[in-house]
> 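One structure coming up, written as C-alpha cells, with questions to follow.
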Amino acid sequence: MKKGQILEGIVTRIDFPNKGIVETEEGICVVKNALPGQRVSCQVNKVRKGKAEGRLLEVVKSAPTEIESPCPHFGICGSCIYLSLPYEEQLKIKEAQVRKLLDAALEKQGEYRFEGIRPSPVFFGYRNKMEFSFGDEIKDGPLALGMHKRGSFYDIVSVTDCRIVDADYRSILKCVRDYFAEKQEQGVPVTFYHRLRHTGYLRHLLVRKAAKTGEILLALVTTTQAPAQNDRGISETELLEGMKSALLDLPLQGKITGILHIRNDSVADVVQSDETKILYGQDYFYEELLGLTFRISPFSFFQTNSLGAEVLYRTAREYIGDCAADRVVFDLYSGTGTIAQLMAPVARKVIGVEIVEEAVEAARENAALNDLHNCEFLAGDVLKVIDTIEEKPGMIILDPPRDGIHPRALHKIIRYGVENILYISCKPTSLVRDLEAFLGNGYVVERAVAVDMFPFTGGIETIVMLSKLKSNKLKHINVELEMDELD
C-alpha cells in the first residue's frame, strides 16, 4: 500500500469512535464514516508499519443492514454517522466497541462481568441542548445556521430537518436564520463571524429544552462587532428586539422561559460568555430527573439526553447498591451535582468537586431546591481541591470529561484506598487508559455496562464498578501494623 493509492474492500467492523476497518486485497485500511458491511473505495493518506489510513471516496455497495436515512442532511452534516442503520444495529456496533476495548484492557485481570448495552428510551428528538453555528454552506453563499459540514471546519449546513432534535428546535433554527437572512436582504449589514478573518457579528445560537417540563432557554451569541447603522437606522437593540418578537410569535409545543444575548469575542470557535444580557424572561430553566428538580443555566453541564440520563443514573445507582450507605462519598467532576443528589438519600455526606464555578453554584441551588442538606460542592480542579478536604471518602464516584483523569489526580484518588470506585466515562478509550492505573494498584473491575446516550452518533457512555482486592487490603493493613510496631 502506498500513499495516494485507491483501494476497494469490505468494512468488517467499526472501532471507536468511527474508524471503519476495511479489508482489501492489498491489506487493511482505516477510514472514517463508513458502516459495517459496506463495500467502499478509499484513497490512502498515510501508511505506517504496514497499516494504512485513508479517505472514503465512495460507497460502492450498501451494507445489507442499511435503511433509507430519515434525515435529508445525513452524509452532509458532520454530526450523525449511523442514521442509515436500524437502532438495534447501532447498539450492536457500540456494544462491540466497548467490549473490545475492555477485554483488551482487562486481559491480565481475567474474568469480569460485562452486561452489554442499555438503549436510550428515545432515539429521535432526544437532544436537550444544541449549539448551532452561523456561516455559509459554500463560499459567499446565503446565510446558514446549523452544524458543520462533514470534514469541514468552515462550511455550515442549515439542518432544518435534523432528526436528533424535536420540532421546536427546528422551528427556532429556521426562525432565527430566516430573520437575519431577511435583514441582510433589506440591506442591514449583519454578517456571520468569519473564523479566519475574525470579523463579523453572528456566531452561534444556543438552544436548551427540558424533556420533562418543556421549558426552553435560547441564547444568541454574537461578537461585539455590532452592525453599523445603515440608511434605515436600525440599531443593535432594534435588531435583537425584532428577533425576540419573531421567536415569541412561534407556535411551539414547549414554552420559552428566556431569551439571552451573549457577547463573545474569543478567537476560538467555542460558545462562551464575555457578557450576557437577558432580552426576555430569565437566564435559566428547570428540568426533572428521577424525581429531582434541576435548575439549568446556559452553560451548566447537564446530560444532553434527559431520558437517557435517567437510564444512566438509575444504572449507576444500581451498581452502587449499598456501597454508599452511611459513608462519605466523593463525587469528583460533579457537574451540576446530579449524581451527588441521587446518592445523598443513602450516603452520610456527599462532597462534589467541579472546576466550572457556574456548575457548582447550580449544584448548590439544586440541592437546596431538592431539600438535600448533606451535599457539599467545592469549586476547583480535582487535582488541587481534594488535598484541601479534611473528610476521608468511604466511596468515590468519578465522571470526568472526555479526556479522562489527570495522571496526578488519578494517583491521589487511588491513594485513598477506598473499597469501591464507580467510574462513569463518556469516552471508553480514556476509560481503559485510566483503568490501567487502577489495576496496577490493586483494583479489579467487577462489572461494566455501556449506556447509549447519543443515538446515531459515535458517542457512548460506560459504567464500571471497581473494587479493591481483599488480599491487597490485608497486605495494606499488615504494612500499617508493621510500621506502628517500628514506631
Side-chain angles (χ1 to χ4, degrees), residues 69-74 76-80 83 122-137 141-149 156-186 188 190 192 201-222 239-262 271 278-287 296-298 302 304-307 454-457:
S69 168
C71 179
H73 312 297
F74 179 59
I76 304 170
C77 165
S79 178
C80 298
L83 262 169
V122 293
F123 43 89
F124 287 119
Y126 67 87
R127 294 276 308 191
N128 61 31
K129 177 185 177 183
M130 290 294 283
E131 296 175 354
F132 299 116
S133 298
F134 286 94
D136 52 13
E137 193 163 345
L143 182 68
L145 173 60
M147 307 299 288
H148 284 271
K149 186 183 287 188
I156 301 297
V157 183
S158 288
V159 287
T160 51
D161 293 304
C162 178
R163 297 291 98 187
I164 62 175
V165 296
D166 69 17
D168 282 354
Y169 284 84
R170 297 191 287 270
S171 296
I172 290 166
L173 183 150
K174 186 176 185 303
C175 172
V176 174
R177 194 218 73 88
D178 289 353
Y179 172 78
F180 285 110
E182 182 181 343
K183 292 303 174 187
Q184 287 182 338
E185 292 172 3
Q186 293 173 355
V188 180
V190 54
F192 68 86
Y201 180 65
L202 301 170
R203 296 196 71 160
H204 299 96
L205 176 67
L206 172 64
V207 186
R208 304 190 74 157
K209 180 183 177 182
K212 297 290 184 67
T213 67
E215 295 184 349
I216 301 170
L217 182 66
L218 311 170
L220 177 73
V221 185
T222 73
L239 188 69
L240 297 176
E241 282 295 311
M243 179 198 71
K244 181 185 79 173
S245 297
L247 285 167
L248 293 176
D249 286 341
L250 286 174
L252 302 174
Q253 295 175 348
K255 178 185 178 183
I256 295 176
T257 59
I259 301 175
L260 313 178
H261 175 215
I262 294 175
V271 179
I278 299 175
L279 302 178
Y280 168 82
Q282 59 205 29
D283 60 354
Y284 60 88
F285 67 102
Y286 290 103
E287 177 63 298
I296 303 170
S297 56
F302 198 80
T304 54
N305 179 347
S306 296
L307 299 180
F454 319 102
F456 306 119
T457 75

> Can a donor-acceptor pair be found, under 3.5 Å and without considering hydrogens, that links the side chain of Ser158 to the backbone of Leu145?
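Yes, Ser158 side chain to Leu145 backbone: donor-acceptor pair under 3.5 Å.
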
> For Met243 and Leu279, what are the C-alpha separation, side-chain angles and deciding distance, and is it a side-chain contact (heavy atoms from CB on, under 4.5 Å)?
CA-CA 10 Å; Met243 179 198 71; Leu279 302 178; 4.1 Å; yes

> For the residue pair Leu83 and Cys80, what are the closest heavy atoms and their distance?
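So the two residues come closest at CD1-CB, 3.7 Å.
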
> Write down the atom of Phe456, the atom of Phe123, and the distance for their closest heavy-atom approach.
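Here Phe456 and Phe123 meet closest at CE1-O, 2.7 Å.
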
> Counting N and O atoms only, with roles assigned by atom type, does the side chain of Arg127 sit under 3.5 Å from a partner on the main chain of Thr304, one being a donor and the other an acceptor?
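Absent.
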
> Around atom NZ of Lys174, are there more than 12 heavy atoms from other residues, nucleotides or ligands closer than 6.0 Å?
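Counting neighbours around NZ of Lys174, 12 or fewer heavy atoms of other residues, nucleotides or ligands fall under 6.0 Å, so no.
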
> Let me confirm one number: the CG-OG1 distance from Leu173 to Thr160, rounded to the nearest 0.5 Å.
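Spacing of CG (Leu173) from OG1 (Thr160) equals 7.0 Å.
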
> Closest heavy-atom contact between Thr213 and Tyr286?
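Closest heavy-atom pair between Thr213 and Tyr286: OG1-O, 2.6 Å.
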
> Looking only at non-hydrogen atoms, find the nearest pair between Arg163 and Cys71 and report the distance.
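For Arg163 and Cys71, the tightest heavy-atom pair comes out as CG-CB, 3.5 Å.
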
> How close do Glu287 and Ile296 get, counting heavy atoms only, and between which atoms?
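Taking Glu287 first and Ile296 second, the nearest heavy atoms are CB-CD1, 3.7 Å.
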
> Is a donor on one side and an acceptor on the other found under 3.5 Å between the side chain of Tyr179 and the backbone of Leu239?
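Confirmed, Tyr179 side chain pairs with Leu239 backbone.
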
> Which heavy atom of Lys149 sits nearest to which heavy atom of Glu137, and what is that distance?
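Distance-wise, the nearest heavy atoms are NZ-O, 3.2 Å.
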
> Knowing that exactly one of Leu220, Val190, Ile156 qualifies, which makes a side chain to side chain contact (heavy atoms under 4.5 Å, CB included) with Phe134?
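Only match with Phe134 under side chain to side chain contact (heavy atoms under 4.5 Å, CB included): Leu220.
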
> Does Tyr169 use its side chain to pair, donor to acceptor, with the backbone of Ile164 at less than 3.5 Å?
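Looks like no, no N/O pair under 3.5 Å.
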
> Can you check whether Gln253's main-chain N or O pairs, donor with acceptor, with Asp168's side chain at less than 3.5 Å?
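The answer is yes, because a donor-acceptor pair under 3.5 Å joins these two groups.
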
> Ignoring hydrogens and angles, tell me if any N or O in the side chain of Arg203 forms a donor-acceptor pair with the backbone of Val271 under 3.5 Å.
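No; zero donor-acceptor contacts below 3.5 Å.
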
